[in-house]
There are 2 protein chains.
Amino acid sequence: MADLVYRRVLHDLKSRIHDNQFPDKRLPDERSLSEAYNVSRSSIKRALGVLANQGIIFKKRGSGTFINPLYMKNQTIFHYEGSNLGITDSFKSDGQTQGIKLLSFKVVPANEEMQQDLFLEKGDFVYEISRLRLFDDHPFMIERGFIPIKIAPELSQKVVSGSIFNYLEDVQNKVVTKSFMTMKVAPSNEEDQELLGLKPTEPVAIMEGIFFLDDGTPFEVSNMRLRYDYFNYNTFVTLDEE
Amino acid sequence: MADLVYRRVLHDLKSRIHDNQFPDKRLPDERSLSEAYNVSRSSIKRALGVLANQGIIFKKRGSGTFINPLYMKNQTIFHYEGSNLGITDSFKSDGQTQGIKLLSFKVVPANEEMQQDLFLEKGDFVYEISRLRLFDDHPFMIERGFIPIKIAPELSQKVVSGSIFNYLEDVQNKVVTKSFMTMKVAPSNEEDQELLGLKPTEPVAIMEGIFFLDDGTPFEVSNMRLRYDYFNYNTFVTLDEE
DNA sequence: AAGTGGTCTAGACCACTAC
DNA sequence: TAGTGGTCTAGACCACTTA
């Protein structure tokens, strides 16, 4: 994976940018880069495309490719590297503790919706895992996840009481790299109010997602209900390609 | 712009997907598409790549290209799907009407936070534009935006009563292509309840964003409060290209 | 073994910018 | 007019999945 041509170029250019090797904030033109790296112009383009997506450079047709001055300044805000799809790792824990309380752990037949979402056949089974997430002993999220048993046949109660993604990666060498999420807002229902300690006027954020493995296999559908005051989603959107 | 090959394919495939012309949730393979559209496989790949980025399809190496089942569900009104940064264009208007009611339009000095976000100097001024967005005559969003006067010196009351982004693009040839957004949830306050017609138990979604022009210039900071039942944000996160 | 998506190349032509 | 990035092609080869 790391020996791909465009990736080699990408990493090299990135470190050269960080090393300030382009003091005029301008990169060489694509044809020169192609020659210098001894790769095709398409590969250069691909590497530059990734950098542009990350907001590190700007291309201006007809004039050249330039380093984004904002990127070099305000690194904290605009830097989008190493985000994480898993919940356990999405919360900053500077000394605070995260906890998981297992509410229920069952095996159930996949309903029709689930069959579609997870690419299952009629009669396939899924784990249904309900958990309460705690942050410094305060519950902030109800999580109900469904995972096909045929993808992870030996999930145990112990495993689902911890980070499932970490288990998968460490033990089974499966990596979750994509997710499709949809976010909504709703008034809290009675279960929310009880489990999350909310007043009737206090709402929840709802995140539903499908998580995919590296190869595109849908791995889990998850429904998450969060205390409104623990929800904060940041995103950097670019529209280069419509 | 619209006559690009990959865009033609992209739009065609997109509408075929929406029309449910692939009932088995599977697209033809790339080589067949290439032949069917009479374009190169690279162009097919590019179109499919955009669809994949938008989370509409996903590709499984070795087996094929499939439609994301979650995408077809959850099609509410506010629908950001990376297709457009502007609000006016983010709403599906199949016959429905969108409206904007101007609440206030002032010029004020930029406070310190604004100076940072919009890269302004001490003493610079910004427009403060408050608007109520309507959908089929129902208010669904309160929008308060701040734009530096030095970037758009001749904004008029008429312009800010319509789509500012469209005005910029059509009249000034400036295009907004990037944004940094943060989303939260909160109980509705009295102003929300009055303007959006909410009950005290009904919440709002809050979106705050900085919008950037093509060349990286920050153009607007905006704070948006939406009726909870009009909010639905879909996003597809990939950790692929690092 | 056949079929699928992924990567990469070499080169043509186009559209825009700067001088 | 020269130089830049953008689009597109045709085809080779690789990696993975499925049977």
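Chain identifiers are assigned alphabetically (A, B, ...) following the order of the sequence lines, protein sequences preceding nucleic acid strands; residue numbering begins at 1 within each chain. These numbers come from the heavy atoms of this one structure, side chains and all, not from hydrogens, waters or symmetry mates.
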**Student:** Mind listing the closest non-hydrogen atom pair of A:Val160 and A:Arg131 along with its distance?
**Tutor:** O-NH1, 2.8 Å

**Student:** Let me spell it out: for each of B:Leu48 and A:Ile44, pick the nucleotide of DNA chain C with the closest heavy atom. Which residue's pick is nearer the 5' end?
**Tutor:** B:Leu48

**Student:** Round to the nearest Å and state the distance from A:Arg46 atom CZ to D:dG5 atom C1'.
**Tutor:** 18 Å

**Student:** Is the phosphate of C:dG5, meaning OP1 or OP2, less than 4.0 Å from a side-chain N or O of B:Lys45?
**Tutor:**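 Answer is no, no contact under 4.0 Å.
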
**Student:** Report yes or no: do B:Gln54 and B:Lys14 form a side-chain donor-acceptor pair below 3.5 Å?
**Tutor:**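 Looking only at side-chain atoms, B:Lys14 and B:Gln54 do form a donor-acceptor pair, the distance falling under 3.5 Å.
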
**Student:** For the side chain of B:Tyr6, counting heavy atoms from C-beta on, which of C:dC8, C:dG5, D:dT7 is nearest?
**Tutor:**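 Closest nucleotide to the B:Tyr6 side chain: D:dT7.
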
**Student:** Report for the helix from C:dA1-D:dT18 to C:dA18-D:dT1: angle between first-end and last-end helix axes, five pairs each, rounded to 10 degrees.
**Tutor:**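 Roughly 10° between the end axes, to the nearest 10°.
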
**Student:** With the threshold set at 4.0 Å, does a side-chain nitrogen-carboxylate oxygen contact exist between A:Asp124 and A:Lys150?
**Tutor:**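 Yes, this pair counts.
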
**Student:** Let's go through A:Ser222 and A:Phe146 carefully: what are the C-alpha distance in whole Å and the side-chain angles of both, what is the deciding distance for side-chain contact (heavy atoms from CB on, under 4.5 Å) to 0.1 Å, and is it a yes or a no?
**Tutor:** CA-CA 6 Å; A:Ser222 184; A:Phe146 299 89; over 6 Å; no

**Student:** When you check the phosphate oxygens OP1 and OP2 of C:dT7, does a side-chain N or O of A:Ser43 lie under 4.0 Å from one of them?
**Tutor:**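 Indeed not, no polar side-chain atom of A:Ser43 lies that close.
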
**Student:** When you check the side-chain N and O atoms of A:Asn232 and B:Thr182, is any donor under 3.5 Å from an acceptor?
**Tutor:** yes

**Student:** The side chain of A:Glu30 lies closest to which of these nucleotides: D:dG6, C:dG6, C:dT4?
**Tutor:** D:dG6

**Student:** Does any N or O in the side chain of B:Asp29 come within less than 3.5 Å of the main-chain N or O of B:Arg31, such that one atom is a donor and the other an acceptor?
**Tutor:** yes

**Student:** Can any side-chain N or O of A:Tyr127 pair as donor or acceptor with the backbone N or O of A:Gly145 at less than 3.5 Å?
**Tutor:** no

**Student:** Measure from CG on B:Asp29 to P on D:dA15 and round the result to the nearest Å.
**Tutor:**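 Nearest whole value for this atom pair: 20 Å.
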
**Student:** So, for B:Phe58 and A:Phe212, is the gap between ring centers shorter than 6.0 Å?
**Tutor:** yes

**Student:** Check the distance between D:dC8's C1' and B:Arg8's CZ and give it to me in whole angstrom.
**Tutor:**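 Distance, rounded to whole Å: 12 Å.
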
**Student:** For nucleotides 11-19 of chain C, read 5' to 3', which letter fits each nucleotide if B means a protein heavy atom sits under 4.0 Å from the base, S means only the sugar-phosphate is that close, and - means neither?
**Tutor:** -BB-BBB--

**Student:** Just to verify, which of A:Ile147, A:Val126, A:Ile210 counts as forming a side-chain contact (heavy atoms from CB on, under 4.5 Å) with A:Val221?
**Tutor:**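 The passing option is A:Ile210.
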
**Student:** Using the side-chain heavy atoms of A:Ser40, tell me which of these nucleotides is nearest: D:dT9, D:dG5, C:dC8.
**Tutor:**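 Nearest to the side chain of A:Ser40 among the choices is C:dC8.
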
